[in-house]
Colleague: 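Pasting a structure below so you can have a look.
Throughout, a chain's letter reflects where its sequence line sits, starting with A, and its residues are numbered from 1. Model, not experiment: these values are computed from the prediction.
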Amino acid sequence: MPAPQPPIQRLKKRAQFLYVRAGARTARGAVLVEARKRPEGGPAIGAGFTASKKIGNAVLRNRARRRLKEAARQLLPEHGLPGADYVLVARRSTPDAPWPALLDDLKSALIRLRADLEAGPRAARSPKRSSESD
RNA sequence: CCAGUCGGCCGGGCGGCCGCGGGCGCAAGCUGGAAACGGCGCGUUCGAGGAAAGUCCGGGCUCCAUGCGGAAACGGCGGCGGGUAACGCCCGCCGAGAGUAAUCUCAGGGAUAGCGCCACAGAGAAUAGUCUGCCCUCCUUCGCCAAGGCUUCGGAGGGUGAGGGUGAAACGGUGGGGUAAGAGCCCACCGCGCCGACCGUAAGGAAGGCGGCACGGCAAGCCCCGCCGGGAGCAAGACCGAAUAGGGAUGCUUGGGGCCUUGAGCUCCAGCCCGCCGCAGGGGCGCAUCCGGGUAGGUCGCGAGAACCGCUCAGCAAUGGGCGGUCCAGAGGAAUGGUCGCCCAUCCUGAAAAGGUGGACAAAACCCGGCUUACAGGCCGACUGGCAUU
């Protein structure tokens, strides 16, 4: 490994999740990814995981969250933007999707989001997002 | 062998590779630090369930309330005995009901404490009752006659509670006697009620005797009796505690005037500030150190116990005693995973070989004891009935 991988920090607090929720958002197949630059920056990449009750019972939610965690572990250091926080939201197909397809979806979403984030925080907030945000 | 009843147990296995959380250890390495000690890292070890679920009962623990005891109200429970920390749970037994049987089911205290209700149907539904009937007397009427009576239609009065019919239930049943017809009116048996030797700790069982029948059901309508119960919950609760704002104390500093309760108190004017200029209006004007309360956040609570395993003793059992051994998840929006291979079940195709498919229900969150509900498939034991065989 020539370049050191950026460290990954787990998001824990509700406030952190709410902060990221106001940022960019991209859905790809089995995953929905939210991302936003932290104001203080830094080399670390933040990662949080969410599986709502829409996914199913506790067993299914756990499985979805853990698959997202493993996928993020593999892809986030390479495709994530240092200094930004990501929240991976499980969708109904997350627990059962084929593993390579899940990785593809996440990778595609991360690349798209990275481009948005690097273009600037204003550009990340596309107008269609305002309708679906609460 | 087939059909069935009951109880107990398991609930995929093994192995690569890459990861995660807790505990313990660490020579060297990187890193923070004056150090102590941390972080990264390395090693090692442990890391979801029988229901972890529903949150329906019972407890532990914590805080609140509380002088002690009792009662009312409200809620829960309800055969008897035992087990237990406790229970609405468990075991054994009793009673009633179902089944050929093993076995299963039961809100299983009180209906002579009182009130209330008993739909529909039906004449009548609880101090009974005459719709259709049966019988007697009287009146009327038809017919026969041996002149004594017999008989048909209708009406009135009375007797009856037997037959028909209604109903979940009609105020004992069957048979005989009896009678105008009938009726526990009388008799036998059965049922029922009362007493009851004797057996059982008890619920209860019961030989036998007496009674001529009296006493319908619902307490899951109110109620009565007995027993139990203070409330809220780990977001309990304890400790530490930043920034900012506000409170208090001390010290220092201060444009001018007024007031008094003499203090950075109140108030007026000027000045300055609220991006700049003008006008109008509004707001603000100490600093430093320390103290205490609270918020974010953090630490504890937090797992060696009504624990698990084996042997043994007591007991029909639930369970309890003794001895030996084991340490067995703990966190917050972070862990208990991802992926691959082989095997074992499932299902599909197939004559087979084989190929494909793909793993029930469901995941701790303060901890125990129960209950209830969900569950692919499999294993073990005991017992009952039938068939066959010896």
Side-chain angles (χ1 to χ4, degrees):
Chain A
M1 287 292 107
Q5 300 263 339
I8 292 185
Q9 290 179 338
R10 187 72 180 269
L11 304 182
K12 305 175 201 171
K13 301 296 173 200
R14 179 171 172 79
Q16 296 176 311
F17 281 81
L18 291 179
Y19 175 82
V20 177
R21 188 175 194 163
R25 175 183 296 193
T26 292
R28 284 282 190 283
V31 285
L32 171 67
V33 184
E34 300 170 330
R36 193 178 181 187
K37 281 184 176 174
R38 284 193 306 276
E40 73 274 11
I45 300 176
F49 305 91
T50 291
S52 75
K53 288 206 171 168
K54 250 187 277 183
I55 306 302
N57 63 19
V59 175
L60 284 177
R61 294 201 301 274
N62 257 332
R63 181 171 174 80
R65 185 149 30 81
R66 284 166 175 159
R67 296 188 90 195
L68 290 182
K69 252 178 67 183
E70 178 64 17
R73 193 180 66 82
Q74 294 184 17
L75 296 175
L76 214 48
E78 189 180 350
H79 298 286
L81 180 66
D85 285 342
Y86 291 82
V87 170
L88 277 62
V89 182
R91 313 184 89 188
R92 197 179 286 271
S93 57
T94 307
D96 302 316
W99 181 243
L102 186 61
L103 289 179
D104 275 357
D105 289 340
L106 180 59
K107 187 173 176 180
S108 161
L110 287 178
I111 290 171
R112 169 65 193 270
L113 281 171
R114 179 162 188 163
D116 283 353
L117 290 175
E118 285 174 335
R122 296 293 180 270
R125 289 188 66 94
S126 56
K128 69 177 163 76
R129 264 221 64 254
S130 58
S131 62
E132 61 185 89
S133 94
D134 45 311

Colleague: Rounding to the closest angstrom, what is the interatomic distance between B/rG41 and B/rG298 at atom C1'?
Modeller: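 Approximately 27 Å lies between the C1' atom of B/rG41 and that of B/rG298.
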Colleague: Would B/rA334 be called syn or anti here, given the cut-off of 90° from 0?
Modeller: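 In terms of base orientation relative to the sugar, B/rA334 is syn.
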Colleague: Does B/rG385 have a Watson-Crick or wobble partner in any strand here, with both distances under 3.5 angstrom, and which is it?
Modeller: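 Across all strands, the one nucleotide that pairs with B/rG385 is B/rC2.
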Colleague: Answer yes or no: is there a donor N or O on one side and an acceptor on the other, between the side chain of A/Arg91 and the main chain of A/Leu32, under 3.5 Å?
Modeller: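 Checking the backbone N and O of A/Leu32 against the side chain of A/Arg91, no donor-acceptor pair under 3.5 Å is found.
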Colleague: Return the pairing partner of B/rC26 with a 3.5 Å limit on both distances, Watson-Crick or G-U wobble; otherwise return none.
Modeller: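 Partner of B/rC26: B/rG41.
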Colleague: Can you give me the closest heavy-atom contact between A/Leu76 and A/Ala47, atom names plus distance?
Modeller: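 Residues A/Leu76 and A/Ala47, closest heavy atoms: CD2-CB, 3.8 Å.
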Colleague: Taking atom P of B/rA334 as reference, at what distance in whole Å does atom NZ of A/Lys69 sit?
Modeller: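 Between P of B/rA334 and NZ of A/Lys69: 10 Å.
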Colleague: In whole Å, measure the gap between the C1' atoms of B/rU346 and B/rG378 for me.
Modeller: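 One C1' to the other, the span is 12 Å.
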Colleague: Using Watson-Crick or G-U wobble geometry with both distances under 3.5 Å, which nucleotide pairs with B/rA168?
Modeller: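 Per the H-bond distance test, none.
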Colleague: B/rA334 pairs with which nucleotide, Watson-Crick or G-U wobble, both distances below 3.5 Å?
Modeller: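 The answer is none; no pair meets the criterion.
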Colleague: Would you mind calling B/rC328 syn or anti? Take O4'-C1'-N9-C4 for purines or O4'-C1'-N1-C2 for pyrimidines, and syn is within 90° of 0.
Modeller: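 Syn, angle within 90° of zero.
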Colleague: What distance, rounded to whole Å, do you find between the two P atoms, one in B/rU103 and one in B/rG8?
Modeller: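 About 15 Å, rounded to a whole number of Å.
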Colleague: If I compare all heavy atoms of A/Pro77 with all of A/Ile45, which pair ends up nearest, and what's the gap?
Modeller: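 Minimum heavy-atom contact is CA-CD1, 4.4 Å.
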Colleague: When all nucleic acid strands are considered with a 4.0 Å heavy-atom cut-off, which category describes A/Asn57: base, sugar-phosphate, or nothing?
Modeller: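 Contact class for A/Asn57: sugar-phosphate only.
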Colleague: Between B/rG217 and B/rG110, how many Å separate the two P atoms, rounded to a whole number?
Modeller: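 That atom pair is separated by 12 Å.
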Colleague: So what does A/Arg67 touch, heavy atoms closer than 4.0 Å: a base, only the sugar-phosphate, or nothing?
Modeller: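 Result for A/Arg67 = sugar-phosphate.
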Colleague: For the P atoms, the ones on B/rC228 and on B/rG58, what distance do you get once it is rounded to whole angstrom?
Modeller: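 About 15 Å, rounded to a whole number of Å.
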Colleague: Identify which one of A/Leu113, A/Val20, A/Thr26, A/Leu88 satisfies the side-chain contact (heavy atoms from CB on, under 4.5 Å) criterion when paired with A/Glu34.
Modeller: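 Testing each of A/Leu113, A/Val20, A/Thr26, A/Leu88 against A/Glu34, the sole residue satisfying side-chain contact (heavy atoms from CB on, under 4.5 Å) is A/Val20.
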Colleague: When you measure from the side-chain N and O atoms of A/Arg73 to the phosphate of B/rG337, is any distance below 4.0 Å, counting only OP1 and OP2?
Modeller: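 Checking A/Arg73 against B/rG337: no side-chain N or O falls below 4.0 Å of OP1 or OP2.
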Colleague: If pairing requires Watson-Crick or G-U wobble contacts with both distances under 3.5 Å, which nucleotide is the partner of B/rU62?
Modeller: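 Per the H-bond distance test, B/rA232.
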Colleague: Could you identify the nucleotide paired to B/rA249, looking across every strand shown and requiring Watson-Crick or G-U wobble geometry with both distances under 3.5 Å?
Modeller: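 Across any shown strand, B/rA249 pairs with B/rU289.
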Colleague: Relative to the 5' end of RNA chain B, which residue comes earlier, A/Arg65 or A/Ala97, by the nucleotide with the nearest heavy atom?
Modeller: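 First, find each residue's nearest nucleotide; the 5'-ward one identifies A/Arg65.
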Colleague: Please measure how far the P atom in B/rG196 lies from the corresponding atom in B/rA207, and state the result in whole Å.
Modeller: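 It comes out at 15 Å once rounded to the nearest Å.
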Colleague: If I pick the P atom on B/rA238 and the same atom on B/rU62, what distance separates them, to the nearest angstrom?
Modeller: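 Here B/rU62 and B/rA238 have their P atoms 12 Å from each other.
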Colleague: Suppose you measure atom C1' in B/rG47 against the same atom in B/rA363; what distance do you get, rounded to whole Å?
Modeller: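 So the two C1' atoms sit 14 Å from each other.
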Colleague: Under the rule syn = chi within 90° of 0, otherwise anti, which is B/rG303?
Modeller: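 Base orientation relative to the sugar is syn.
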Colleague: State, to 0.1 Å, how close A/Tyr19 and A/Lys37 come at their nearest heavy-atom pair, and which atoms those are.
Modeller: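 Reported closest heavy-atom pair: OH-O, 2.7 Å.
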Colleague: Please give me the minimum heavy-atom distance between A/Ala84 and A/Leu117, naming the atom from each residue.
Modeller: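 Reported closest heavy-atom pair: CB-CD1, 4.0 Å.
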Colleague: Counting only Watson-Crick or G-U wobble pairs whose two distances fall under 3.5 Å, which nucleotide matches B/rG208?
Modeller: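 Its partner is B/rC195.
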Colleague: How long is the line joining CZ of A/Arg66 and C1' of B/rU339, in whole Å?
Modeller: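 That distance rounds to 16 Å.
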Colleague: Who does B/rC106 pair with, Watson-Crick or G-U, both distances under 3.5 Å?
Modeller: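 Across any shown strand, B/rC106 pairs with B/rG95.
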Colleague: Is the base of B/rG226 syn or anti, where syn means the angle lies within 90° of 0?
Modeller: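 Classified anti.
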Colleague: Which nucleotide in the list B/rU336, B/rA363, B/rG338 gets nearest to the side chain of A/Arg63?
Modeller: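 Closest of the options to the side chain of A/Arg63: B/rG338.
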Colleague: Measuring from the side chain of A/Val59 (C-beta onward, heavy atoms only), which nucleotide among B/rG337, B/rA364, B/rA362 has the closest atom?
Modeller: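 Comparing B/rG337, B/rA364, B/rA362 against the side chain of A/Val59, the answer is B/rA362.
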Colleague: Rounded to whole Å, please give me the gap between CG in A/Leu60 and P in B/rA362.
Modeller: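 Checked: the CG to P distance equals 9 Å.
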Colleague: What is the distance from CD of A/Glu70 to P of B/rU339, rounded to the nearest Å?
Modeller: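 Value for this atom pair: 8 Å.
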Colleague: Could you check how far CD of A/Gln74 sits from P of B/rG337, rounded to whole Å?
Modeller: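 Result: 17 Å.
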Colleague: Whole angstrom is fine here: how far is it from CG in A/Leu68 over to P in B/rU339?
Modeller: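 One finds 12 Å between P of B/rU339 and CG of A/Leu68, rounded.
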Colleague: Distance check needed: B/rC18 C1' versus A/Leu103 CG, whole Å only.
Modeller: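 One finds 13 Å between C1' of B/rC18 and CG of A/Leu103, rounded.
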Colleague: Classify the glycosidic conformation of B/rA219 as syn or anti, calling it syn when the angle lies within 90° of 0.
Modeller: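 Anti for B/rA219; the angle lies over 90° from 0.
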Colleague: Mark yes or no for whether A/Asp105, through its side chain, and A/Val31, through its backbone, hold a donor-acceptor pair below 3.5 Å.
Modeller: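 Flag not set: sc A/Asp105 to bb A/Val31 has no pair under 3.5 Å.
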Colleague: Is it true that a side-chain atom of A/Arg67 and a backbone atom of A/Pro95 form a donor plus acceptor pair closer than 3.5 Å?
Modeller: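 Yes, A/Arg67 side chain to A/Pro95 backbone: donor-acceptor pair under 3.5 Å.
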Colleague: Atom CG of A/Asn62 to atom P of B/rA363: distance rounded to whole Å?
Modeller: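 A/Asn62 atom CG is separated from B/rA363 atom P by 9 Å.
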